[in-house]
Amino acid sequence: MSETYDVIVVGAGPGGYVAAIRAAQLGMKVACIDDWKRADGKPAPGGTCTNVGCIPSKALLQSSENYAHAGHGYAEHGIDVAGLSIDVPRMLARKDKVVAQNNDGILYLFKKNKVAFFHGVGAFAGRAGDGWAIEVAGPGAARLVGRNVVVATGSTPRALPGVPFDEERVLSNSGALAIRSVPARLGVIGAGVIGLEMGSVWRRLGSEVVVLEALPTFLAAADEAVAREALRVFQRQGLAIHLGATVGAVESGADGVHVDWTDAKGGAHADTFDRLIVSIGRLPRTEGLDAKSVGLAIDERGFVVVDESCRTNLPGVWAVGDVVRGPMLAHKSEEEGVAVAERIAGQHPHVDFGTIPWVIYTSPEIAWVGRTEQQLKADGVAYKAGSFPFLANGRARAIGDTTGFVKILADAKTDRVLGMHVMGTMASELVSEGVMAMEFGASAADIARICHAHPTLSEATKEAALAVDGRTLNL
Ligand code: FAD
Ligand code: NAD
């Protein structure tokens, strides 16, 4: 006999586990299936984000930033650190502990919300009445029936053609988060989010880092002013970033990984690295799901095809997160997961792609929401821009990091906020004010009128809003 559920969620990453919890909160009988396992074989719900993505990368970014501060940043505070050293295995053990705490937290939340968890690979096994049969293979083997199925199977790293990840020399994000000693020379292919974040971790710990980026522009998705300044700062920090690079042969040998590449001017280079991180984007994951057997529509790039409500071509089958179109971000997956659970319950939620924030957790951090100045120009929108540098912000001076600025873009006629771009300490937290402003249809003048605590970094946001109207108080 197979147990019937109102909702079966396949995948317990941020899209899946949050969908399962929300559906359970709404009174539905819910099962969630996930195949990720820890070293000892036990379940590790949380997906890419928890196991080899957001959480472990931020743990290592914090550790390496602490090390960098102790090495270079504390002296001016009168703190002298003698005999500074880094114990990489201990740093990795801490990261693993943080990951395990998050895995356990999700298992606890499943119990608390009465979500039945099945550890294993979930696959479609045909129609069952007006629902779908799902077969679980693995430690939690079972046959389930779901009136609704939410596919939240995430993504996997994209390899260079003909260069598979061995996770020893040629590393995906998984290997990049588990390097056991500081590589003398680290190569990074792709100056995207992973390349910059992981390159920063190992540079701070002492690696010579060379980043090879195919595009001629740096951080093409960011506002041009931010991207320009970020490139300058990262290069000054010691990241060797080569734009317009074409990677040729890549071969692993006993002495390292050999990479042939051509620079933007056509100059040929041959480099040898101790390790090579390949971070050139990610691919949607549907293998294991047996999607073909039921005719689930998948596009030519491997994404499950959905409409704006995350409905697939099959009745009662939904898909959310990295496995569908849109940005591959944990919070985007979560928003879609919640919205699908609410739709199944008959509600009418809405996910606004125009107010999804982006964050790059380098130092300084880079964060933005809404449109960039170049997008507004391309869209022919008349706008006003206001910027304020952290150099003129009291809290930033007290912290000892005045890099970067806040920039607000507002409609020239209505003053409505169209975008906010931040580069600097805690940009990831500051951007929430821009998200809030845009969600509420606020104007730059609204932000300028709000009382911001002193001294805070957020005063730079208020000043940038004042700058939109040409009336900064502290610059
Ligand atoms: P996933 O997290 O990939 O989860 C899918 C789950 O489904 C996995 O556990 C998978 O094993 C399981 N699964 C797949 N198929 C099956 C099956 N047939 N049966 C059972 N289980 C299955 N995003 C941010 O917003 N902020 C960040 O700081 C950030 N940092 C990142 C750092 C790195 C190094 C990487 C790689 C990614 C990062 N991301 C970040 C992106 C983020 O991790 C993803 O956008 C997010 O995890 C997607 O969530 P998801 O639920 O769609 O899929
Ligand atoms: P990405 O899309 O951010 O960057 C990939 C980069 O590689 C691009 O700049 C691209 O031009 C370049 N590239 C592609 N092919 C190349 C080649 N052959 N040679 C040289 N360069 C090449 O992808 P990513 O960094 O791999 O990250 C994957 C996903 O994970 C992203 O979609 C991102 O949203 C997500 N992620 C998010 C965060 C965050 O939110 N802080 C952190 C890490 C990852």
Side-chain angles (χ1 to χ4, degrees), residues 9-19 32-37 43-58 60-61 118-124 134-138 140 150-161 163 172-174 176-177 188-198 211-221 242-248 250 261 277-291 319-324 326-334 336-337 356-362 365-367 428:
V9 183
V10 186
Y17 91 77
V18 165
C32 185
I33 307 163
D34 191 89
D35 63 351
W36 210 296
K37 51 179 188 277
T48 302
C49 169
T50 300
N51 293 295
V52 291
C54 325
I55 300 300
S57 61
K58 268 79 248 180
L60 294 190
L61 278 157
F118 293 85
H119 191 205
V121 178
F124 281 101
I134 300 285
E135 194 82 44
V136 185
V150 182
V151 175
T153 46
S155 62
T156 53
R158 186 156 82 88
L160 282 167
V163 189
S172 72
N173 53 299
S174 302
L177 290 160
V188 176
I189 314 243
V193 202
I194 295 180
L196 292 174
E197 290 187 358
M198 297 317 301
V211 185
L212 304 178
E213 165 61 44
L215 289 180
T217 30
F218 182 62
L219 285 181
H242 300 279
L243 302 174
T246 307
V247 174
V250 175
W261 60 280
I277 298 174
V278 177
S279 46
I280 55 169
R282 295 178 64 81
L283 302 170
R285 177 182 165 189
T286 50
E287 111 270 349
L289 201 57
D290 220 352
V320 301
D322 280 10
V323 78
V324 304
M328 288 186 169
L329 296 173
H331 40 285
K332 174 264 191 183
S333 302
E334 290 182 27
E336 287 184 333
I356 292 176
W358 290 78
V359 180
I360 307 175
Y361 294 83
T362 41
E365 292 183 345
I366 295 168
S428 53

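Values below: all heavy atoms of this structure, side chains included; hydrogens, waters and symmetry mates excluded. All ligand and atom numbering here is 1-based and tracks the order in the structure. What you see is a predicted model; the values in this text were computed from it and never measured.
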Looking only at N/O atoms, are [X] and ligand 1 under 3.5 Å apart anywhere?
{"X": "Gly15", "value": "yes"}
{"X": "Val320", "value": "no"}
{"X": "Tyr361", "value": "no"}
{"X": "Glu197", "value": "no"}
{"X": "Gly321", "value": "no"}
{"X": "Val10", "value": "no"}
{"X": "Val52", "value": "no"}
{"X": "Asp34", "value": "yes"}
{"X": "Ser57", "value": "no"}
{"X": "Asp322", "value": "yes"}

Item to check | Under 4.0 Å to a heavy atom of Trp36 - the qualifying atoms of ligand 1, by number | outcome: 8 (C), 9 (O), 11 (O)
Item to check | Numbered atoms and elements of ligand 1 in range of Ser155, under 4.0 angstrom, heavy atoms | outcome: 3 (O)
When you measure from the heavy atoms of [X] to every atom of ligand 1, does any distance fall below 4.0 Å?
{"X": "Arg282", "result": "yes"}
{"X": "Met198", "result": "no"}
{"X": "Gly120", "result": "yes"}
{"X": "Thr156", "result": "no"}

Checklist entry - Salt-bridged, Arg285 to Glu287, with N to O below 4.0 Å? => result yes
Next on the checklist: Restricting to salt bridge (Lys or Arg N to Asp or Glu O under 4.0 Å), what partner residues turn up for Lys37, sequence neighbours left out?
Outcome noted: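 By the salt bridge (Lys or Arg N to Asp or Glu O under 4.0 Å) rule, Lys37 matches no residue at all.
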Item to check | Minimum heavy-atom distance Ser428-Glu365, with the two atoms named | outcome: OG-OE1, 2.7 Å
Next on the checklist: If I compare all heavy atoms of Thr48 with all of Trp36, which pair ends up nearest, and what's the gap?
Outcome noted: N-CZ3, 3.7 Å
Checklist entry - Does Leu329 approach ligand 1 within less than 4.0 angstrom via side chain, backbone, both or neither, non-hydrogen atoms only? => result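 Looking at Leu329 and ligand 1, atoms from backbone and side chain both fall under 4.0 Å.
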Give every pair made of an N or O atom of ligand 2 and a protein N or O atom lying under 3.5 Å apart, one pair per line with both atom names and the distance to 0.1 Å, or write 'none'.
{"residue": "ligand 2", "atom": "3 (O)", "partner": "Val193", "partner atom": "N", "Å": "3.2"}
{"residue": "ligand 2", "atom": "9 (O)", "partner": "Glu213", "partner atom": "OE1", "Å": "2.7"}
{"residue": "ligand 2", "atom": "9 (O)", "partner": "Glu213", "partner atom": "OE2", "Å": "3.2"}
{"residue": "ligand 2", "atom": "11 (O)", "partner": "Glu213", "partner atom": "OE2", "Å": "2.6"}
{"residue": "ligand 2", "atom": "21 (N)", "partner": "Ala214", "partner atom": "N", "Å": "3.1"}
{"residue": "ligand 2", "atom": "23 (O)", "partner": "Gly281", "partner atom": "N", "Å": "3.4"}
{"residue": "ligand 2", "atom": "25 (O)", "partner": "Val193", "partner atom": "N", "Å": "3.3"}
{"residue": "ligand 2", "atom": "25 (O)", "partner": "Ile194", "partner atom": "N", "Å": "2.9"}
{"residue": "ligand 2", "atom": "26 (O)", "partner": "Gly281", "partner atom": "N", "Å": "2.8"}
{"residue": "ligand 2", "atom": "34 (O)", "partner": "Met328", "partner atom": "O", "Å": "3.0"}
{"residue": "ligand 2", "atom": "40 (O)", "partner": "Val359", "partner atom": "O", "Å": "3.4"}
{"residue": "ligand 2", "atom": "41 (N)", "partner": "Glu197", "partner atom": "OE2", "Å": "2.9"}
{"residue": "ligand 2", "atom": "41 (N)", "partner": "Val359", "partner atom": "O", "Å": "2.7"}

Checklist entry - What is the closest protein heavy atom to atom 36 (C) of ligand 1, and at what distance does it sit? => result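 Going atom by atom, the protein heavy atom closest to atom 36 (C) of ligand 1 ends up being Asn173 ND2, 3.3 Å.
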Checklist entry - Which one of Pro327, Gly326, Gly122 has a non-hydrogen atom at the shortest distance from atom 19 (N) of ligand 1? => result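 Considering heavy atoms of Pro327, Gly326, Gly122, the nearest to atom 19 (N) of ligand 1 sits in Gly122.
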Item to check | Aromatic ring proximity Trp261/His242, centre distance under 6.0 Å | outcome: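 Here the rings of His242 and Trp261 have centres that are less than 6.0 Å from each other.
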